[in-house]
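When reading the values below, keep in mind they use all heavy atoms of this one structure, side chains included, and skip hydrogens, waters and symmetry mates.
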Amino acid sequence: MASQLRGNDLRQLGFPEGRAIGLALAQLQRKHLKKLSQTHQLTLLKDLLANPQTYLTHLDWSHTAAALLPAPSRHIALAERKEYSVFGAEHIEQGAIHQMETAMKLPVTVAGALMPDAHHGYGLPIGGVLATDNAVIPYAVGVDIGCRMALSVFALPPRHLEQRVQEFRKLLLEYTKFGGRDVFRRGQHLDHAVLSRDEFRDIPFLRNKLDTAASQIGSSGGGNHFVEWGVVDITDPTNELGVPVGQYLGLLSHSGSRGLGASIANHYTKLAQDTCQLPAEARHLAWLDLDTEAGQEYWAAMNLAGDYASACHHQIHHRLAKALGERPLGKVENHHNFAWKEHLATGQEVVVHRKGATPAGAGVLGIIPGSMTAPGFIVRGRGEASSLSSASHGAGRQMSRTRAKQELGEAEMRRYLQQHGVVLIGGGLDEAPQAYKDIRQVMQSQTELVDVLGSFTPRIVRMEGGV
């Protein structure tokens, strides 16, 4: 075992006074680094000191490398606020407006829009859409990278839900898993090509994330994530699903990239904040330049997390369709909490962040959910330039989770669900339908953004918890 290096040893190498010394010494206490000879440790530290930029995405040394960067290069002032579009302003709280206005002051910002379901979040508000120039903002993507909606439409009459409630309830209990610990046991997992992706090997930060991803695949997160049976009502005969007008049994799921996405978001947000220091009100909007190694790594990791989220939904729908003994007539899937490279009407390529906003390019299909007791809507995007080809991703909260728990009662929520003919498995007061905005008002605020092809009305809902 190597003898222990001390602060003076690092100072002699040329380490500046400050947190870089403490971070480096702390790293050297990690088991796999502690085994290195002192000569090897010193050689590694010399290279780190000489080339901190090359270590910015290193699993062990990213934070130390960031602390070694010259301070002036990490301080960035905000610019004059650019104009942006707001849809359904009367439904949007002031906190979300303030966050959007701050985002529009970033020097990398090109354009923006705020959706009618917007509410306060971290960095970019939920419902915020932001276009930037060659820069990606991890917290403008969000923690639950690639969170998405997926709908399967089955050629079964909706009366099945009323006649076989316990059977459909049992299917959800048996074939869905929620939260961090309730996952499929060994032998129950389904394999998927996403688990063999090169990114798990090529990106240093992801090398120890594969086991968690493999254990959680096919499951759903907590919070507002759900899997539910309901009634699909197709109203537009020209719908791209190819499903005739009428009512059908539907399966709708909402979930994201689980622990994999959260770890990617947190790691690269810290890295961005270390290398792109902004004023306090904008600190969660720190970005990574896409011309840097860190920016390219995050972009690859973000896309991996998005594909992983999609794989989880595919497995959820596959399990339940197989148990039901049916193949879907049609499917709709769309995601949010993501960044896309797109072109503005001017021809400029930008990075469009949609944090809790649905892609609504011309002809693009999506589903915008309501609440447990309100319908969601199957939509076709209209490609509206002023919204950056985006629409809301749901009804949006009108009560914070804390306020919902304080003001609503369990008995009150259960009565409300019963009045609307909804069976709930799990869930809590923070997800009570009364905590959400009126989806019909939200949809009325975005008629220029999407066309409605049909609806989905929940009947049997499963969320985290419940047996």
Side chains of [X] and [Y] only: does a donor on one sit below 3.5 Å from an acceptor on the other?
{"X": "Ser253", "Y": "His313", "answer": "yes"}
{"X": "Thr57", "Y": "Glu297", "answer": "yes"}
{"X": "Thr64", "Y": "Gln27", "answer": "no"}

| query | Do Leu251 and Val227 touch side chain to side chain, with heavy atoms closer than 4.5 Å? | reply |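 The answer is yes, as the side chains (C-beta and beyond) meet within the 4.5 Å cut-off.
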
| query | Does Phe456 reach the side chain of Val231, with side-chain heavy atoms less than 4.5 Å apart? | reply |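 SC-SC contact between Phe456 and Val231 ruled out.
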
Counting only N and O atoms by type, is there a donor-acceptor contact under 3.5 Å from the side chain of [X] to the main-chain atoms of [Y]?
{"X": "Ser390", "Y": "Leu388", "value": "yes"}
{"X": "Thr292", "Y": "Gly295", "value": "yes"}
{"X": "His119", "Y": "Ile92", "value": "no"}
{"X": "Gln398", "Y": "Gln434", "value": "yes"}
{"X": "Lys355", "Y": "Pro125", "value": "no"}
{"X": "Gln273", "Y": "Arg283", "value": "yes"}
{"X": "Thr176", "Y": "Leu173", "value": "no"}

Between [X] and [Y], does at least one N-O distance fall below 4.0 Å, as a salt bridge requires?
{"X": "Glu333", "Y": "Arg148", "value": "yes"}
{"X": "Arg459", "Y": "Glu228", "value": "no"}
{"X": "Glu174", "Y": "Arg319", "value": "no"}
{"X": "Arg397", "Y": "Glu93", "value": "no"}
{"X": "Asp60", "Y": "Arg30", "value": "yes"}
{"X": "Arg414", "Y": "Glu410", "value": "yes"}
{"X": "Arg201", "Y": "Asp198", "value": "yes"}

Show the nearest heavy-atom pair for residues [X] and [Y], with the distance to one decimal.
{"X": "Leu106", "Y": "Ile137", "result": "CD1-CD1, 3.6 Å"}
{"X": "Ala311", "Y": "Val194", "result": "CB-CG1, 4.0 Å"}
{"X": "Gly128", "Y": "Leu114", "result": "CA-CD1, 3.9 Å"}

Hey, can you tell me if [X] and [Y] have their rings parallel, tilted or perpendicular (30° and 60° cut-offs)?
{"X": "Trp229", "Y": "Phe154", "result": "tilted"}
{"X": "His393", "Y": "His336", "result": "perpendicular"}
{"X": "His160", "Y": "Phe168", "result": "perpendicular"}
{"X": "Trp340", "Y": "Phe338", "result": "perpendicular"}

